[in-house]
Number of protein chains: 2
Amino acid sequence: MVGEKWSLLVLREAFLGVRRFADLQRALGAPKAVLTDRLNSLVAQDLLARVPYRDEGARQRHEYRLTERGRDLYPAVVALMQWGDRWLAGDGVPPLTLEHRGCGEPVSLGLRCAAGHDVGGPREVVATPSGRERAGETADTPAG
Amino acid sequence: MVGEKWSLLVLREAFLGVRRFADLQRALGAPKAVLTDRLNSLVAQDLLARVPYRDEGARQRHEYRLTERGRDLYPAVVALMQWGDRWLAGDGVPPLTLEHRGCGEPVSLGLRCAAGHDVGGPREVVATPSGRERAGETADTPAG
DNA sequence: ACGCTGGGTTCGCTTGACGAACCGTGCACA
DNA sequence: TGTGCACGGTTCGTCAAGCGAACCCAGCGT
């Protein structure tokens with residue numbers, strides 16, 4: 001659903017507060033036609049909403065704002081950003097630090113279980129489809 | 001980098017312990033040619049490694065295992081899975097619950113700041129490129 | 001010698017991404 | 001009253017990527 005080339009990038013910009021077509025285009029460098037298409041499908045999927053706005057002394061236009069469904073993708077986007085900051089540092093794009101509004105401390109994303117333990121990675125996790133056993137794949141020792 | 005259509009799907013299966021070409025192809029339904037291509041580029045990007053194995057009474061073959069770089073994408077994949085379980089439930093694919101190995105409690109992904117506060121969403125976060133101010137976009141009230 | 005299996009490659013077609021050019025509405029200014 | 005401009009698109013032709021079906025090859029068991 002977010003597998004098309006620009007979808008996640010558009011959402012990332014949306015999370016950073018970019019809402020206008022031209023700003024998105026500038027920020028991403030995507031061709032207009034593709035951006036139009038991607039925005040339309042994000043709207044169709046109810047990840048973005050097209051809302052009218054008007055600047056002082058300008059005609060009415062539309063901007064694209066996150067819906068609840070779209071906002072809920074925030075962790076996924078942050079996870080990818082953190083990965084990029086960790087592994088792709090120095091590729092031209094400076095890392096982006098996220099700070100908790102008010103408290104000012106850096107924000108990070110972590111996996112933890114209901115008992116409060118931090119989870120380090122896929123090895124510490126067992127996946128079961130809705131409680132039942134997963135059929136006999138090679139799944140007993142994941143992710144090595 | 002993970003924007004090609006199947007990359008994240010391949011990684012998801014990898015996190016679930018699927019390592020073999022044929023199993024990946026069965027699980028994903030991707031055409032062989034595309035899967036080959038995707039696996040090669042994931043290997044080239046050092047997200048997967050191609051390691052030899054041999055089953056009893058079979059010839060030596062290769063399987064694809066996550067590298068550290070690849071394993072580090074786990075939070076991103078989990079985030080997308082949780083999003084899917086929340087918003088796409090009932091679309092045929094049953095949700096997958098992740099349990100902490102040993103403790104048995106369900107695992108979930110959360111955003112929190114260094115002071116220990118849970119962060120609810122993009123509104124509670126201020127993004128700054130490596131500490132400096134972001135240029136005058138429309139970024140003062142993000143993600144509405 | 002033969003066939004089976006896993007892991008591919010090749011082929012022809014369709015779909016998507018791309019940049020450049022064009023369009024149309026409505027404001028500002030002359 | 002007309003001209004220019006900016007935003008937000010659409011259209012067009014080209015080129016890359018995704019697709020299913022068919023084919024291929026190494027090596028094992030029989």
Side-chain angles (χ1 to χ4, degrees), chain A residues 1-14 16-45 47-66 135-139 144, chain B residues 1-14 16-45 47-66 135-139 144:
Chain A
M1 204 164 148
V2 291
E4 288 103 359
K5 183 163 181 185
W6 295 98
S7 305
L8 280 171
L9 284 321
V10 169
L11 290 172
R12 181 193 60 187
E13 296 306 316
L16 295 176
V18 180
R19 293 199 265 266
R20 264 107 117 141
F21 191 95
D23 291 337
L24 285 168
Q25 214 225 314
R26 244 187 305 282
L28 298 173
K32 288 168 146 207
V34 177
L35 187 52
T36 304
D37 201 72
R38 220 42 65 225
L39 286 170
N40 287 340
S41 73
L42 290 170
V43 168
Q45 293 177 313
L47 297 176
L48 294 180
R50 202 163 190 262
V51 310
Y53 75 96
R54 86 181 295 155
D55 277 356
E56 16 177 349
R59 101 199 221 220
Q60 168 170 309
R61 297 182 181 291
H62 294 91
E63 59 184 12
Y64 298 89
R65 315 180 72 120
L66 289 157
E137 270 163 63
T138 327
Chain B
M1 206 164 146
V2 291
E4 289 104 356
K5 184 162 182 187
W6 296 98
S7 305
L8 279 171
L9 284 323
V10 169
L11 290 172
R12 182 193 59 188
E13 296 306 318
L16 295 175
V18 181
R19 293 199 265 265
R20 263 107 118 145
F21 191 95
D23 291 338
L24 285 167
Q25 214 225 313
R26 244 188 303 283
L28 297 172
K32 287 168 147 209
V34 178
L35 187 51
T36 303
D37 201 72
R38 220 41 65 224
L39 286 169
N40 287 340
S41 75
L42 289 171
V43 168
Q45 291 175 316
L47 298 176
L48 294 180
R50 203 162 189 264
V51 312
Y53 75 96
R54 85 182 296 156
D55 277 355
E56 11 174 355
R59 101 198 222 221
Q60 168 169 310
R61 297 180 180 291
H62 296 90
E63 58 182 12
Y64 298 89
R65 316 180 71 121
L66 289 157
E137 271 164 60
T138 326

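Reminder, nothing fancy here: chain letters follow the sequence lines and each chain counts from 1.
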Check: Out of dT11(D), dA6(D), dG7(C), which nucleotide sits closest to the side chain of Arg59(A)?
Finding: dA6(D)
Notebook entry, point to check: Between dC28(D) atom P and Gln60(B) atom CD, what is the distance in whole Å?
Noted result: 10 Å
Margin query: Without decimals, in angstroms, what is the distance between Gln25(B) CD and dG18(D) C1'?
Written below: 14 Å
Next item on the list: Could you please name the option among dA17(C), dG7(C), dT11(D) that lies closest to any side-chain atom of Trp6(A)?
Entry: dA17(C)
Check: With a 4.0 Å cut-off on heavy atoms, is Ala30(A) in touch with a base, just the backbone sugar-phosphate, or nothing at all?
Finding: nothing
Item checked: Minimum-distance nucleotide (side-chain atoms of Tyr64(B) versus dC27(C), dG6(C), dG8(C)) -> dG8(C)
Notebook entry, point to check: Starting at the 5' end of DNA chain C, which residue's closest nucleotide do you reach first, Asp37(B) or Gly57(A)?
Noted result: Asp37(B)
Checklist line | Atom pair distance, as rounded to whole Å: CG in Leu28(A) and P in dC18(C) | finding: 11 Å
Next item on the list: Pick base, sugar-phosphate or nothing for Arg50(A), based on heavy-atom distances below 4.0 Å to the nucleic acid.
Entry: sugar-phosphate
Notebook entry, point to check: Is there a donor N/O on one and an acceptor N/O on the other, under 3.5 Å, for the side chain of Lys32(B) and the base of dG8(C)?
Noted result: yes
Notebook entry, point to check: Within this structure, what is the CG-to-C1' distance between Asn40(A) and dT11(D), rounded to whole angstrom?
Noted result: 15 Å
Note to self: Nearest to the Phe21(A) side chain among dG9(D), dA6(D), dG18(D), which nucleotide is it?
What the structure shows: dG9(D)
Check: Can you check the Leu35(B) CG to dG20(D) P distance for me, whole Å?
Finding: 12 Å
Check: Does Tyr53(A) put a side-chain nitrogen or oxygen below 4.0 Å from OP1 or OP2 of dC7(D)?
Finding: no
Next item on the list: Check the distance between dG9(D)'s C1' and Glu63(A)'s CD and give it to me in whole angstrom.
Entry: 17 Å
Note to self: I want to verify a distance call: between dG18(D), dG7(C), dG9(D), whose nearest atom is closest to the Arg38(B) side chain?
What the structure shows: dG18(D)
Note to self: Just so I know, are the side chains of Glu63(B) and Arg61(B) near enough to count as touching, which here means a heavy-atom distance under 4.5 Å?
What the structure shows: no
Checklist line | Atom pair distance, as rounded to whole Å: CG in Leu39(B) and C1' in dT9(C) | finding: 14 Å
Margin query: I need the NZ-C1' distance between Lys5(A) and dC15(D), as an integer number of Å.
Written below: 13 Å
Next item on the list: Could you tell me whether Arg54(A) contacts a base, only the sugar-phosphate backbone, or nothing, with contacts defined as non-hydrogen atoms closer than 4.0 Å?
Entry: sugar-phosphate
Notebook entry, point to check: Of the candidate nucleotides dG6(C), dT9(C), dG9(D), which contains the atom at the shortest distance from the side chain of Thr36(B)?
Noted result: dT9(C)
Next item on the list: Kindly point out which of dG18(D), dG8(D), dG7(C) is positioned nearest to the side chain of Ala22(B)?
Entry: dG7(C)
Margin query: For Ala33(B) and Ala33(A), find the nucleotide of DNA chain C closest to each by heavy atoms; which residue's nucleotide sits nearer the 5' end?
Written below: Ala33(B)
Check: Among dT11(D), dA6(D), dG18(D), which nucleotide sits nearest the side chain of Val34(B)?
Finding: dG18(D)
